[in-house]
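The next block holds one structure in the form of structure tokens; read it before the comments.
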Amino acid sequence: MIQFEHVFKRYPNGREALQDVSFRIDAGEFVFLTGRSGAGKSSVLKLVALLERPTRGSVLVNGQDTGSLPARAIPAYRRRLGIVFQDHQLLMDRPVYDNIALPLMVSDTSYRDIDKRVRAALDQVGLRAQERALPLELSVGEQQRVGIARAVVARPTILIADEPTGNLDHTLARDVMQLFARFQEVGVTVVIATHDMALVREFGHRELHIDEGRLLGGASAS
Amino acid sequence: MTSPFTYFARHLQALLGALGHLLRQPLGTLLSIAVISLALTLPACLYLLVKNARAATGSITEAIELTIYLKTDVSLERARQLADSARARREAGRVTLISADEGLAEFRKYSGFGAALEALQGNPLPHVISLRPRSDRADPSSIASLQRYLGSWPEADIVQVDNEWVRRLSALLGLLERVFQVFAALLAFGVLAIIGNAIRLEISARRAEIEVTKLVGGSNAYVRRPFLYLGGLYGLLGAALAALWLIALAAALEPWLLQLARLYGSGFQLVGLTTEELGGLLGGGTLLGLLGAWIGAARHLSRIEPRQ
């Protein structure tokens, strides 16, 4: 569960990214965060991922107020999240397998479990044959799937994605979105920030629409 | 809960990763290690210099002798008792009693004044006790203590010891030891700075990787680990190269030093690093490397946070 209560976010340059934003996303829900570029979608995801802290208000994730979380507890908190970015954030000098294994390596999972889980994640995103390839040897769509596999390999309860289909054509974007839908089916809470309204309409999940830092619709769970 | 196997496997992986990193950049690695080794070689050389000087002067200090001239009215029996008392001191090495008669006979034999001495009515010479301190008790403070003890005898007339040069030599070696300590401290700071800077550059080069690792939940300890191993390896390899420099230096200087020692009739042998000292050098280098890496990593890693 993710809950924002009267959240404000102002950046050091003075920009008001979020103004009095309140909403709730239930566990296992699939939600689209929509709005044009600069509307505040990424700020919402940054607050969930604790890449930023709110200026005012509170952000509760799985019942925990992230504002009260000390810095030393942030790594363990992030390990319970899966995060996907438009530019993939992959380690370009490491093979696909190592990229996907990274969240498990940092959590001190045993090597046997890492191998099992990475192969399962590779199967889920259809990249088993490319496990030894470097990210640069893959297409953009395949790189995005590596990013998704890395986000889900540690079995997070929440999966957040910032414009995950931004660099993909419609067919690839649809494939990626179906992958997210499959994770939601097994109980993962999925929050996707996108401005691709065609995909939002096609998949038909709840939409939180943000404009100029204000939430304009979809605040309550259906 | 991490199993011990997984814990050690992760550390081994970080160590092998750091080794691989050094091997992938052989020239840069060699240059860094060479600079570290020079910074460690200089104080180690000074240490060996002091150690060898102490060993070389050990045989000289054995030549120190205290001479106790007893009062002329002290009987031979009492002189023997005093010599036994002197022998009982822990500082005492060889103690010899030269009776007044032996002294006179010797003087008669070697002075060339035999005939003049015949004119004397009695023996004007006192009994003399000659004391040579133990080699491990020949330092100025022990000799001064011994001199005070012997001088406190009511029967002693004069206690003669020429140890001024020993005090000067000891002060000189003490100064050299201080120089060694100051150099060691300064150059240890230098090693910390070299390794800290190498780690800083490495962190800058791997900024993107660090950001991603933190993004997926990597703790500061996890991110810092490979850099600590890298620093430790820099220190260890630098110390190993310093040990090689010392061996090469000793091998190059030994023939000349032995020749010089022979000219002075000394049995001096060049003393190198013992196994414990070698271990100390390697361990100290590794610790300095770890510490330098820790300082560099703590300072720079805390500034790197994932950005999106």
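Proteins get letters first, then strands, A, B, ... in listed order; numbering begins at 1 in each. These values consider heavy atoms only, across backbone and side chains, with no hydrogens, waters or symmetry-generated copies.
Around the CZ atom of Phe189(B), the shell of radius 6.0 Å holds no more than 12 heavy atoms that belong to other residues, nucleotides or ligands. Atom CZ of Arg53(A) has more than 12 heavy atoms from other residues, nucleotides or ligands within 6.0 Å. When the shell of 6.0 Å around CZ of Phe183(B) is examined, it contains 12 or fewer heavy atoms from other residues, nucleotides or ligands. Residue-environment remark: CZ (Arg132(A)) exceeds the threshold of 12 foreign heavy atoms within 6.0 Å. Environment of CZ in Arg303(B): crowded, with over 12 heavy atoms of neighbouring residues, nucleotides or ligands closer than 6.0 Å.
For Met105(A), the parts sitting under 4.5 Å from any heavy atom of chain B are the backbone and the side chain alike. Arg80(A) does not touch chain B: none of its heavy atoms, backbone or side chain, sits under 4.5 Å away. Only the side chain of Ile114(A) comes within contact range of chain B, judged by heavy atoms closer than 4.5 Å.
Residues Leu215(B) and Leu51(A) have side chains in contact (heavy-atom distance under 4.5 Å, counting atoms from C-beta outward). The shortest side-chain heavy-atom distance between Arg94(A) and Val212(B) does not fall under the 4.5 Å cut-off.
Considering only heavy-atom pairs separated by less than 4.5 Å from chain A, the leading option among Arg10(B), Gln13(B), Lys214(B) is Arg10(B).
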